[in-house]
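Read the structure below first, then the notes.
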Amino acid sequence: MSRQFMQLPLHSRLSRLRSGLEPPSGNPADDRMCWICLRGDEDHRRRDWVHPCRCRGTNKWVHEACLSRWIDEKEMMSPGVPVTCTQCRTEYIIVMPPLCRFDAMLERLDKGCERICPSVLMGILAATVYFSAVIYGALTLLELAGYDTGMKLLQEDPSLLMIMLPSVPTLLLLSRLVRWEDCVIRWLRRRNRRTIPAEQLDAVGLPLPGAPLSDEYFDELEREHPVSDVLIGGNLATEQLGRAATSFCIALSLPTISVVLGQKLYGRIYEENKLLSILLGGLTFVAIKGLASIYLSHSQYQQRRQRFVMDYTPLNRINHQSRWR
Ligand SMILES: [Zn+2]
Ligand SMILES: [Zn+2]
């Protein structure tokens, strides 16, 4: 490599090399530069040069040690993906010395375990869920039909019961998907539309500070940001998770609640027709729970309508605690 070229600073040497302005030289081996550490043979002659891909020019040569490290880093970032040259996409030819027979067997065993065990674990989890569902179904049957009748039913056809019993918790959970409260809330909102009083509007018809928000404001908000959009937000996702957990617990405790309410509220019917009183108990619970959530949702809606943003003064800050704390 010419002395004049080597006296240039590294970055200008590099840009010349990359743009194809390679310095004139007698021996092509002298022009080699490792594209990873950007060193050539100027300091001392290294002997681990390789050209591992189809690239020509400045990207052709690389130190084997530099490339090895680069390949290891790539493999750590995306394991199992073949490492290729970023320029010409050639897959590097990496030769692993063969393992002795015992070592190879151990390696195969290890890989086999890694492949099979996730499926085994999934199977165990599925079986656990299934048998929990069977036990839950059996307990519910005993609770609803009474111990003697329940045991008789359980002994009659065990194979049918293995299918019927798990469907009990499944149906209970699915029943929570029927959101009748939401339909009522939407209907109520459509029925009770309120306009902003005239004294809270200015001459053009725009609301004055402190005026309640109109129904149109919430309609538009819901149209532009449907619930599925909001789910992505982290905090709301945890809120949804909490709601789902509540739904799960309520669904599974519904039979017990129904029996207790059936006995307490419909005692006279309970003595004549046990199942009817339990059914009435369940319906009573669902109705009370639904009405309570409709009432709460309505109150929260009214609260949001009346909400407004205050001017910042230190006194206002002290008097009104943060909404987000
Ligand atoms: Zn190098
Ligand atoms: Zn290449």
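Start at 1 and go down the list; that is how both ligands and their atoms are numbered.
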Query raised in the report: Is it true that atom CD of Q303 has more than 12 heavy atoms of other residues, nucleotides or ligands lying nearer than 6.0 Å?
Result: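 Open.
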**Report entry** Metal-centred angle, SG of C85 through the Zn ion (ligand 2) to SG of C88, rounded to 10 degrees
**Finding:**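 It rounds to 110°.
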Query - Angle subtended at the Zn ion (ligand 2) by C55 SG and C53 SG, rounded to 10 degrees - result: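 The two atoms subtend 110° at the Zn ion (ligand 2).
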**Report entry** the Zn ion (ligand 1) - name of the N/O/S atom of H63 that sits closest to it
**Finding:**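 That would be atom ND1.
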Query raised in the report: Could you state the interatomic distance from CZ (R54) to CD (Q87), rounded to the nearest 0.5 Å?
Result: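 The distance works out to 13.5 Å.
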Query raised in the report: Who are the side chain to side chain contact (heavy atoms under 4.5 Å, CB included) partners of L201, not counting sequence neighbours?
Result: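 In terms of side chain to side chain contact (heavy atoms under 4.5 Å, CB included), with neighbours along the sequence ignored, L201 is linked to I196, P207.
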Query - Listed partners of T128 passing side-chain hydrogen bond (donor to acceptor under 3.5 Å, both in side chains), at least two apart - result: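 Residues passing side-chain hydrogen bond (donor to acceptor under 3.5 Å, both in side chains) with T128: none at all.
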Query raised in the report: Angle subtended at the Zn ion (ligand 1) by SG of C66 and SG of C37, to 10 degrees?
Result: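 Between SG of C66 and SG of C37, at the Zn ion (ligand 1), the angle is about 120°.
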